[in-house]
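Written below as structure tokens is the structure these notes are about.
In what follows, chains carry the letters A, B, and so on, assigned in the order in which the sequence lines appear, proteins first and then strands, with residues in each chain numbered from 1. Remember, predicted model here, so these are calculated numbers, not experimental data.
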There are 2 protein chains.
Amino acid sequence: MLGLATIKDVAQLANVSPSTVSRVIADSKRISDETKERVKAAMQQLHYHPNLIARSLIRRSSQTLGLVLSRSTDSAFSNPFFPEILRGISAVSKSYHYGLMLAAAEDYAEEAKLCLKMMTERRVDGVLLLASRVNDGLIRELSASDCPFVVLGRAPESLKCYSVNNDNIQAAYSAVRHLLNLGHQRIALLNGPADYIFCQDRFEGYRFAFREFGIEHDPEWIKSGSLTQEDGYRLTRELFQLDPAPSAIFCVDDVMAIGAYQAIKERGLTIPGDIAVVGFNDDPLASVIEPHLTTVRIPIYEMGVTATQMIIRILEGNEPLPFQRVLSSELVIRQSCGANP
Amino acid sequence: MLGLATIKDVAQLANVSPSTVSRVIADSKRISDETKERVKAAMQQLHYHPNLIARSLIRRSSQTLGLVLSRSTDSAFSNPFFPEILRGISAVSKSYHYGLMLAAAEDYAEEAKLCLKMMTERRVDGVLLLASRVNDGLIRELSASDCPFVVLGRAPESLKCYSVNNDNIQAAYSAVRHLLNLGHQRIALLNGPADYIFCQDRFEGYRFAFREFGIEHDPEWIKSGSLTQEDGYRLTRELFQLDPAPSAIFCVDDVMAIGAYQAIKERGLTIPGDIAVVGFNDDPLASVIEPHLTTVRIPIYEMGVTATQMIIRILEGNEPLPFQRVLSSELVIRQSCGANP
DNA sequence: TTGTACGCGTTATCAT
DNA sequence: ATGATAACGCGTACAA
């Protein structure tokens with residue numbers, strides 16, 4: 001029932017040579033309409049489908065993209081980032097008739113290995129790299145090889161490599177400016193691990209906003225921990241030790257904001273009455289918790305789309321491309337911020 | 001820099017024939033240790049890696065698994081199901097040296113097409129199907145073909161096909177029994193769309209628990225809607241029209257439970273004091289909302305592992321296999337249920 | 001123990 | 001407009 005028919009079977013049935021069938025497949029102009037029809041009929045009758053393996057062999061291209069990601073519960077593999085970015089990648093690769101191979105690295109050291117492995121084994125023509133951590137070694141290793149790749153996330157600018165990212169600096173700036181405009185001055189930052197590039201960037205946006213408003217920020221307001229609810233809770237409690245305590249908290253991740261909510265409510269304070277909170281990522285949680293969280297929405301789907309278009313253009317190798325693409329995020333204003341009393 | 005070396009290059013450098021190199025790769029016993037070393041050295045020197053495309057062609061096997069899923073926000077592609085099941089699939093396929101190709105269907109009609117396409121194009125040896133809806137057509141179509149496949153989710157028993165599922169009936173039974181044991185009798189069910197197999201099953205578990213306790217349940221207590229917060233809210237409000245209103249609510253999905261929480265709090269009632277709630281899936285949300293939601297945890301990772309082992313065993317085609325594997329879920333008791341006053 | 005020759009299914013080149 | 005032939009890189013029966 002399955003198409004085990006080869007190009008030869010079709011040729012035989014249609015009384016032509018295999019090369020003629022091949023030309024029909026390629027829709028060559030130099031085939032008479034008559035034989036073209038005959039061949040097509042034979043293909044239908046035999047349920048013929050080209051063997052992509054054989055085609056890849058001679059074309060020296062698998063028409064397949066690799067997608068490499070790191071297992072681990074943090075952003076790369078986790079909610080809601082991954083399914084959404086995958087939708088974008090999948091949509092574009094399908095429309096360009098590329099296959100998509102997945103490889104999940106157990107740890108960060110394995111990422112480059114997997115890329116290179118897929119390439120050298122000729123399973124893929126190029127690779128999409130889901131990288132959230134600073135990992136110059138990885139990117140340098142890839143750059144030194146002939147593996148075409150695009151990083152989803154920000155790559156160090158020193159290494160000229162293709163990347164697609166959202167505007168973390170600008171988005172964090174907007175979020176903090178939003179708070180400053182509401183009259184807040186003592187704005188705390190709940191930051192994540194320093195080896196995440198996006199954490200560095202969001203911190204940068206925070207500082208930038210203060211600079212622009214000509215206000216100093218107290219280093220005591222900057223707390224850093226893991227991107228978990230627990231640490232959001234813990235760090236917020238630490239903030240309450242300060243006198244005066246911050247009137248607003250900007251969290252680099254919604255999950256941390258949840259922890260902050262917890263600590264704030266526990267202390268008997270209200271949001272946004274007593275304290276304002278802004279998150280980042282627009283996690284589904286953000287519109288569920290009370291009060292609904294003001295946060296930053298990242299164009300995740302579009303990032304997947306853009307990165308995939310990018311790697312395909314590189315592979316088809318015509319036009320020169322800009323190395324870095326940065327997509328705009330959007331501040332989603334909900335109920336967690338009020339004017340500073 | 002990338003291994004463009006072929007088996008011939010290695011052969012030449014090692015002063016042997018290509019077939020000898022091939023035997024070294026296969027670790028054949030009939031090669032002298034001496035030449036084996038020489039060949040290996042040559043491979044290293046040239047950074048040789050076998051071309052899997054060529055190997056696939058002659059072996060008539062791509063050593064690749066297909067993973068087909070439906071786009072759509074519901075369970076298949078969404079959180080937290082997908083990343084977790086992918087972890088399991090990925091771990092096993094890697095350990096067996098299988099590649100993993102992804103194909104995302106735009107709609108349910110496309111699922112079978114994508115499976116068949118990957119197969120007939122010889123890109124994959126078999127397929128893992130992430131199916132949540134009742135879709136006999138799909139499965140019948142696949143069964144009629146020669147495409148080896150395993151369904152993740154429950155396939156109709158009439159169609160003898162391989163599947164891995166969790167014990168939805170048993171798990172729902174446990175959840176409802178938990179409520180009955182706490183003295184609740186008026187237990188409502190917030191069900192999802194009837195064309196989801198898991199909804200049918202969880203309903204079945206609900207009925208089973210009542211039957212076992214020898215208690216009748218009022219059809220009025222059974223509400224059905226989409227698996228959204230909104231419908232959880234709406235249906236719970238409908239329940240409040242009843243007199244007497246239910247003292248407990250079992251939701252087939254945590255997201256619906258969130259909506260139920262909303263409606264309950266809005267009415268000025270407390271959980272679990274006035275009304276008990278049980279969810280399903282152990283969504284991250286479940287341990288965030290207040291009070292923490294008692295729910296059912298599904299062994300998602302293990303389902304991915306099991307399904308992948310299954311398809312590989314089918315492909316390697318030795319031992320006969322049971323068609324259906326059912327994995328046990330676990331009731332996670334938190335704070336949302338109390339004794340019926 | 002090792003080499004020779006062929007085939008996997010396709011496309012591309014060169015004829016006709 | 002179409003056919004014959006070679007080649008892609010590898011595995012394997014058969015021969016030596």
Greater than 12 external heavy atoms within 6.0 Å of B/Glu110's CD: yes
Heavy-atom side-chain contact between A/Gln309 and A/Val305 under 4.5 Å: yes
Separation of D/dA4 C1' from A/Asn15 CG (nearest whole Å): 16 Å
DNA chain C contacts made by residues 56-64 of chain B, counting heavy atoms under 4.0 Å: B/Leu57, B/Ile58, B/Arg60
Nearest-angstrom distance from the residue atom CZ of A/Arg55 to P of C/dC8: 19 Å
Distance test, side-chain N/O of B/Ser32 to OP1/OP2 of C/dT2, below 4.0 Å: yes
With A/Pro299 via side chain to side chain contact (heavy atoms under 4.5 Å, CB included) - residues at least two apart: A/Asn166, A/Glu302, A/Leu327, A/Ser329
Sugar-phosphate only, base, or nothing, as touched by B/Pro18 at under 4.0 Å among non-hydrogen atoms: nothing
Atom-to-atom span, CD1 of A/Ile7 to C1' of D/dA4 - whole angstrom: 14 Å
Donor-acceptor contact present, side-chain A/Ser163 to main-chain A/Gln324, <3.5 Å: no
Atom-to-atom span, CD of A/Gln12 to P of C/dG9 - whole angstrom: 14 Å
Residue-phosphate contact under 4.0 Å: B/Ser17 side-chain N/O, C/dG3 OP1/OP2: yes
Nucleotide C/dT11, atom C1' - distance to CD1 of A/Ile53 in whole Å: 16 Å
Whole angstrom value for the distance that separates P of C/dA12 from CZ of A/Arg30: 12 Å
Sidechain N-carboxylate O distance under 4.0 Å for A/Glu106, B/Lys94: yes
Spacing of A/Leu4 atom CG relative to C/dC8 atom C1', expressed in whole Å: 14 Å
Check: B/Ser19/B/Ser22 side-chain N/O donor and acceptor closer than 3.5 Å: no
Atom-to-atom span, CD1 of B/Ile31 to P of D/dT12 - whole angstrom: 13 Å
Contact residues, residues 19-26 of chain A to DNA chain C [heavy atom, < 4.0 Å]: A/Ser19, A/Ser22, A/Arg23
Rounded distance [0.5 Å steps], CD1 in A/Ile298 versus CZ in A/Phe198: 8.5 Å
Salt-bridge present (A/Glu84, A/Arg87; N to O < 4.0 Å): yes
Residues A/Arg122 and A/Ser61: side-chain donor-acceptor under 3.5 angstrom: no
First of B/Lys29 and B/Ala54 reached from the 5' end of DNA chain C, by closest nucleotide: B/Lys29
